[in-house]
Amino acid sequence: MAVDEGDGASPEGYDPHAVQERWLPVWERLDLNRAGRRPGAEKRYVLDMFPYPSGDLHMGHAEAWAIADVVARFWMRQGYDVLHPTGWDSFGLPAENAAIKRGEHPAAWTYANIDVQAESFKRYGISFDWSTRLHTSDPEYYRWTQWLFLRFLERGLAYRKNSAVNWCPVDQTVLANEQVVAGKCERCGAEVTKRELTQWYFKITEYADRLLDDMQKLEGNWPDRVLLMQKNWIGRSTGAHVDFLVNDRKVTVFTTRPDTLYGATFFVVAADAPLADELCAPERRAAFEAYRAETRKLSDIDRQSTERPKTGVFLGVTATNPLNGEELSVFAADYVLADYGTGAIMAVPAHDQRDLDFARAFDLPVRVVVDTGEEDPAVTGVATSGDGALVNSGPLDGLRKAEAIEKAIEVLEERGTGSRAVNYRLRDWLLSRQRFWGTPIPVVHCPEHGEVAVPDDQLPVRLPEDMKGAELQPKGQSPLASNDAWVNTTCPVCGGPAKRDTDTMDTFVDSSWYYLRYCSPGYEDGPFDVDKVREWMPVDQYVGGVEHAILHLLYSRFFTKVLHDMGMLDFVEPFTSLMNQGQVINQGKAMSKSLGNGVDLGSQLSQYGVDAVRLTIIGAGPPEDDIDWATVSPGGTLRWLNRVLRLTDDVMALTGDGRDATVDKAVAKTVDEVTRLVESHRLNVAIARFHELVNAMRKAVDGEAKPAGSLRDGLTSLAVMLGCYAPYTAEEIWSRLGHDVDAGDSVHDSSWPTADPALLVDDAVICVVQVAGKVRDKLEVSPSIGEDELRARALASPRVVELLDGKEPRTVIVRAPKLVNVVPG
RNA sequence: GCCCCUGUAGCCCAACCGGCAGAGGCACGCGACUCAAACUCGCGCCAGUGUGGGUUCGACUCCCACCGGGGGCACCA
């Protein structure tokens, strides 16, 4: 990276640090960003995904918050009453790990980092309403996280069950499915293993359909890829449940292809499902158990590899096909998943590749029942899954795939051996964590009464404040379990001795509702003031990284729907519009310690100042694109800011009120375009418009006319618009233009400029005249020129006459006033 | 393997509904200022839009295929 040490402070005119120090305290005194400052005005809510306090702010924060700040300030200038809150997602593992290492309580590290970040945000000039500030690790906050958990519990949406769960051996805790990425822990990258544990879950699957269907409301305002990722994650499949009989016992399978029932030639049960154990014939038990032991040794990553040859074991029983009465051999195999569908499948090797692979490995029959016109799968080894006419299928023969699916379901339902069914890939949200620094689960286990909710008036269940260092060392169960004084309590029902639940909640529970709390910070009668939330929510613009496409965003959508059903919210989607900012990278790669290509935000700010960094970040490209810091030039941006201030001084040195139409038009055009560009989130292009305007004004200052009136007005408009991007420099310009900022006349309390429509109309436009699609002439015409007149003028053009060479044109395309295309005969 | 996004000067990026490929910047070159340099100011510079087809009067833009880059899912029945 080219960092010229000399760039930092330019000798002439502009010291960004002095400007920052001058205006920051004035702004704090003027309290310009408080929500509710513009009573009666339409409300807007701008939100960044709140930060985790893992140290000081870095380049990634700088980008996300710069983007949201432009939007927030733009709306404020446009006269909206804007809520732009801030807080910290302050529970979580890094604090706990730091506490273990340092022999402290996690709160020490957490709140120290929060203070550092808060100062950095202030210096970075973000237009927060600081009165909204919250920390999810404050008892005043997690009290309500617990309260919400209890409401979920009452509604049957929180429940406890024993099952095989994802376990991270490094972080020593269970993980939600969403936190397992390609078989590895989303946080630390360790390979995830399985454990049998009794854990708390939220029943998000009950909302699968609504989470899917309501995405329709978000289309166009959320990035398509995020919606697609959620759709894939939820993974709705439609088909049928089909009941097979194994020794008089009903065993149901889920299939998306009931039309292929006549092509089922064997039957498979997930080897690790209890069902396999139950169905296994005594004489096959030894073989089955040996196979199951092998399966359990495999990691999820190996197990889920499609490259691996199919394995399995015959269970010594048969399943009866309900449609044709055929007896199918039942196998246990690890390619069938215990926790998807019913954990058992009917295998149709001709039309399913996995079944075909298994059939070929075990020499099982392959029967084609859909004639797709392709070669016999038994020969090619390639299953055919396309459309075609049904064959070898009794009553289904001759039907097309879609018709056959309907018919098969009809027949199954008539006979009572199956039914239409929908299945999801989405699993319930496992929320228990075996760690300390999180919201305690407000449940007491009583030997008499079982799981008992802690009554609302006893909330919050506080974390002990005296545990620190080695006491927090994870040992496969929550550190809270070793704190007898904390664990031992009394049952809220009978008053007898009982024990607290020692797990804490996934931190994604905390972040699933913080945007609601912001509407009424400090509210003591509930998690939020329902009326305030009605005023501000939903969030009009949410900004954050795409890494939360599924996790945080799916969970928040779920919470919102549940709270809606509880009658606390009158909307069903929390975030109307979502923007995913890209990453800041360096030299083509993500910044990392091992690569040594990290760029420190603090040193960039010291070197170039806040505004140059903010402008550079936003000007580098579209917000959603990655920014390669090696390709941008904060030094160049600082030079430009210097140029603008020099222009201001030169303009203020002029006398008189002279006007110039060229300058007035340039200003109007810039205002008009920048307004539309910011509205459509093309924030980078707006910066190019600022450059153009400054270039135009520079020319006017250096020219003969020196229209002081036009230039002062132009700078005034520029200062307001630029203020959204570069708040300090804009205030400095504003001040030099003669505004008394100290007395409250701040550019950050001014109004967005308006463009006089009369100035946006050009007197004349250039019309392109094409012959056969190639530009041959240009005409200066009135913007309101009629089609006929323009056609006549174009055809009269000497160049056109020459090229037509006396022939009649075949067609003449006229797009007044910009283009005429003459197509020769 | 399946799905999605993306490819424009040396580099980063513009181009609204298909209508003159270039707004802005970086880098570079030349000139002015200077004793000189830096700073500053002025001027200049380079591509025909990954490749091959198609649709169209007209394609960076729409369609198809392929290549390169990025991402998501991955034995989901």
Side-chain angles (χ1 to χ4, degrees), chain A residues 2 4 6-7 10-13 181-183 223-229 231-233 235-237 239 253-257 260 268 270 301 303-308 310 333-337 339-348 351-355 357-358 423-427 546 549-550 582 588 615-616 619-622 624-628 630-633 635-637 639-640 642-643 646 673 676-677 680 682 684-692 694-695 698-699 702 766-776 778 809-813 815 818-824:
Chain A
D4 184 344
D7 277 349
S10 24
E12 305 276 334
V181 178
D224 288 344
R225 62 172 171 162
V226 172
L227 295 175
L228 189 70
M229 283 162 74
K231 182 171 179 259
N232 290 341
W233 189 262
R236 178 161 65 190
S237 311
V253 302
F254 172 75
T255 177
T256 56
R257 296 292 306 275
T260 62
V268 189
I301 294 175
R303 194 183 152 172
Q304 293 181 355
S305 164
T306 48
E307 311 293 307
R308 215 161 46 88
K310 293 283 177 286
D334 62 8
Y335 83 92
V336 171
L337 306 176
D339 56 357
Y340 182 78
T342 62
I345 63 156
M346 63 175 205
V348 185
H351 306 297
D352 182 287
Q353 191 60 49
R354 297 154 298 179
D355 296 344
D357 293 343
F358 190 89
N423 200 60
Y424 303 91
R425 192 184 163 284
L426 181 72
R427 310 289 151 78
V546 73
I550 294 169
L615 267 178
T616 301
E624 61 275 13
D625 284 11
D626 286 350
I627 299 168
D628 191 334
T631 68
V632 296
S633 171
T637 308
R639 282 200 294 278
W640 181 77
N642 209 339
R643 208 169 121 86
R646 215 172 327 109
E673 287 191 23
R676 277 180 293 142
L677 288 166
S680 56
R682 288 182 296 164
N684 54 320
V685 187
I687 292 175
R689 297 291 169 268
F690 296 151
H691 287 155
E692 285 174 67
V694 169
N695 290 345
R698 184 77 244 172
K699 276 206 172 69
D702 295 339
I766 301 294
C767 174
V768 174
V769 182
Q770 299 179 333
V771 177
K774 288 195 173 113
V775 180
R776 298 299 189 180
K778 292 182 182 184
R810 186 152 55 101
T811 348
V812 181
I813 311 280
R815 293 283 179 272
K818 292 182 72 179
L819 175 132
V820 177
N821 188 12
V822 180
V823 186

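Just so it is clear: chains get the letters A, B, ... in the order the sequence lines come, proteins before strands, and each one is counted from 1. Only this structure's heavy atoms are used, side chains among them; waters, hydrogens and symmetry mates stay out.
- When the C1' atom of B:rG25 is taken as reference, atom CD1 of A:Ile627 falls 14 Å away, rounded to whole Å.
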(request) If a protein heavy atom is under 4.0 Å from the base, mark B; if only from the sugar-phosphate, S; if neither, -; do that for nucleotides 11-20 of chain B going 5' to 3'. (result) SSSSSB--BB
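- Remark: the separation of the P atoms in B:rC63 and B:rU6 is 11 Å, to the nearest Å.
- In the set B:rC26, B:rA77, B:rU40, B:rU40 carries the atom at the smallest distance from any side-chain atom of A:Arg646.
- In this structure, A:Thr255 and A:Met346 have side chains that are in contact, with non-hydrogen atoms separated by less than 4.5 Å.
- Of the side-chain N and O atoms in A:Arg639, one or more sit less than 4.0 angstrom from OP1 or OP2 of B:rU40.
- Taking atom C1' on both nucleotides, B:rU8 is separated from B:rA21 by 8 Å, rounded to a whole Å.
- Within the 4.0 angstrom heavy-atom criterion, only backbone atoms of the sugar-phosphate kind lie near A:Thr256; the bases stay farther away.
- The CG atom of A:Leu227 sits 16 Å away from the C1' atom of B:rG71 (whole-angstrom rounding).
- The pair A:Arg257-A:Asp352 does not count as a salt bridge, with every side-chain nitrogen at least 4.0 angstrom from each carboxylate oxygen.
- Taking atom P in both B:rG68 and B:rG29, one finds a spacing of 36 Å when rounded to whole Å.
- Atom CZ of A:Arg308 and atom C1' of B:rG1 are 16 Å apart (whole Å).
- Taking atom C1' on both B:rC17 and B:rC60, the two are 15 Å apart, rounded to the nearest angstrom.
- With sequence neighbours left out, the salt bridge (charged side-chain N to carboxylate O under 4.0 Å, His left out) criterion links A:Asp702 to A:Arg698.
- The distance between atom CD1 of A:Ile687 and atom C1' of B:rA23, rounded to the nearest whole Å, is 13 Å.
- Considering only side-chain atoms of A:Asn695, the nucleotide from B:rG25, B:rA74, B:rA77 that sits closest is B:rG25.
- When the P atom is used for both B:rG50 and B:rA59, the distance is 15 Å, rounded to whole Å.
- As rounded to whole Å, 7 Å separates atom P of B:rC75 from atom CG of A:Leu337.
- Distance A:Trp233 CH2 to B:rG72 P: 12 Å, rounded to the nearest Å.
- Straight-line distance between the C1' atoms of B:rU40 and B:rG7: roughly 38 Å, to the nearest whole Å.
- In this structure, A:Leu228 reaches the sugar-phosphate backbone alone: every heavy-atom distance under 4.0 Å involves primed, P, OP1 or OP2 atoms, never a base.
- Relative to the side chain of A:His691, the nucleotides B:rG25, B:rG42, B:rC26 differ in distance, and B:rG25 lies closest.
- For the pair A:Val812 and A:Val823, the minimum side-chain heavy-atom distance is 4.5 Å or more.
- Regarding A:Lys231, its NZ atom lies at a distance of 13 Å from the C1' atom of B:rC2, rounded to whole Å.
- Checking B:rA21 for Watson-Crick or G-U wobble geometry (two distances, each under 3.5 Å) identifies no partner in any strand.
- A:Arg689 meets the salt bridge (charged side-chain N to carboxylate O under 4.0 Å, His left out) test with A:Glu673, A:Glu692; sequence neighbours excluded.
- In this structure, of B:rA74, B:rG42, B:rA77, it is B:rA74 that holds the atom nearest to the side chain of A:Arg425.
- Nucleotides B:rC62 and B:rU49 have their P atoms positioned 15 Å apart, rounded to a whole Å.
- Interatomic distance, A:Arg425 CZ to A:Tyr340 OH, rounded to the nearest 0.5 Å: 9.0 Å.
- If you take atom P in B:rG58 and the same atom in B:rG42, they sit 43 Å apart, rounded to whole Å.
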